[in-house]
Amino acid sequence: MKRILVTGAFGQIGSELVPALQNKYGKDNVVAMDINTPEVFDGISERFNIMDKQAVVDCINKYQINTIYHLVSLLSARGEENPSVTWDINMTGLKTILDIAVEKKIQVFWPSSIAAFGPSTPKDNTPQHTILEPTTMYGVTKVAGELLCRYYSIKHDIDIRCVRYPGIISWKQEPGGGTTDYAVAIFYEAIKNGSYTSFVREDTVLPMMYMDDAINGTINLMETPRDQLGGFHAYNLAALSFSVKELAAEINKSVPVNVSYSPDHRQMIADSWPKSIDDTSARQEWGWSPEYDLPKLCQAMIENLKQKIGS
Ligand code: SER
């Protein structure tokens, strides 16, 4: 039976992964850990800092954890405000989890990102194996993390599964500190105010994905028999790519939104990432296949956000 720990459980991805895991494996088998936890939560939660290794060990022992989704991370834009702290949290946290995984034979999921790529990476249909020279500390921790996961999976034969998420678009929890956050914020502002000022240019194109696809893909990857996978990969994962202008035009079909553009320091980060991703390995090895195209994504975001914030 799976006994699951999700770290960073109340962040953008964790907030939706935890209920999905609870549905699949039962509430008693999922522990939601974060540095801050909500007052009211329907399930098991634990509050501690990922830098406190003893607290991590105690939690894993207490609940007899055999599977960890390690989501704690500072993202790209916030990471640049304090690169040193970003390195510590992203790398020390991961190494702690991997060391415990070796000792206790735990299966691990760890998210990498399109931020592992950089300006020297081919921008279109970016291959699985390519140049990884990121220009953010977040991206550096993703490349180093991928290498660390590869090392541990080979050296210690632990079962680690990784994907490179694109920007993830969701409505339950607002993202924080990421460069791709504009593609979420535009929905909130369209519904609340009918206008949005984008911090990247209108022609900025990045790979994106609706949260439901990200959650389904993540759980499917973890459920795939290990011998079906061709060794360790941080799998490229694609769904759709669009410019801010195209996104605004699609939103405008159902909610009027007046978009202006005021690019800031995040433009440079966005410009360093690919426009589209080749995810053939994920499709072939474990059947990755996203369901949401741009119209379906916009419809889901608008319907759900209207219920959440009104108007
Ligand atoms: N969404 C992330 C960011 O913008 C990319 O992994 O930082």
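Reckoned from all heavy atoms, side chains included, excluding hydrogens, waters and symmetry mates. Just follow the structure's listing: the first ligand is 1, and inside any ligand the first atom is 1.
As a member of the Ile/Leu/Val/Met/Phe/Trp/Tyr network built from side-chain separations under 4.5 Å, Leu75 groups with Tyr138.
For ligand 1, the 4.0 Å heavy-atom shell takes in Leu75, Ser76, Ser113, Tyr138, Gly178, Thr179, Thr180, Trp273, ordered by chain and residue number.
The aromatic ring centroids of Trp171 and Tyr188 lie 6.0 Å or more from each other.
Cation-pi geometry between Lys142 and Trp110 is satisfied (NZ or CZ under 6.0 Å from the ring centre, within 45° of the ring normal).
A donor atom on one side chain and an acceptor atom on the other are not found under 3.5 Å apart for Asn66 and Arg3.
The side-chain hydrogen bond (donor to acceptor under 3.5 Å, both in side chains) search around Ser76 returns Thr179, not counting sequence neighbours.
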Identify each donor-acceptor pair in which a side-chain atom of residues 18-27 lies under 3.5 Å from a protein atom, sequence neighbours left out, and give them as a table.
from	atom 1	to	atom 2	distance (Å)
Gln22	NE2	Asp42	O	3.0
Tyr25	OH	Glu223	OE2	2.1
Lys27	NZ	Asp42	OD2	2.9

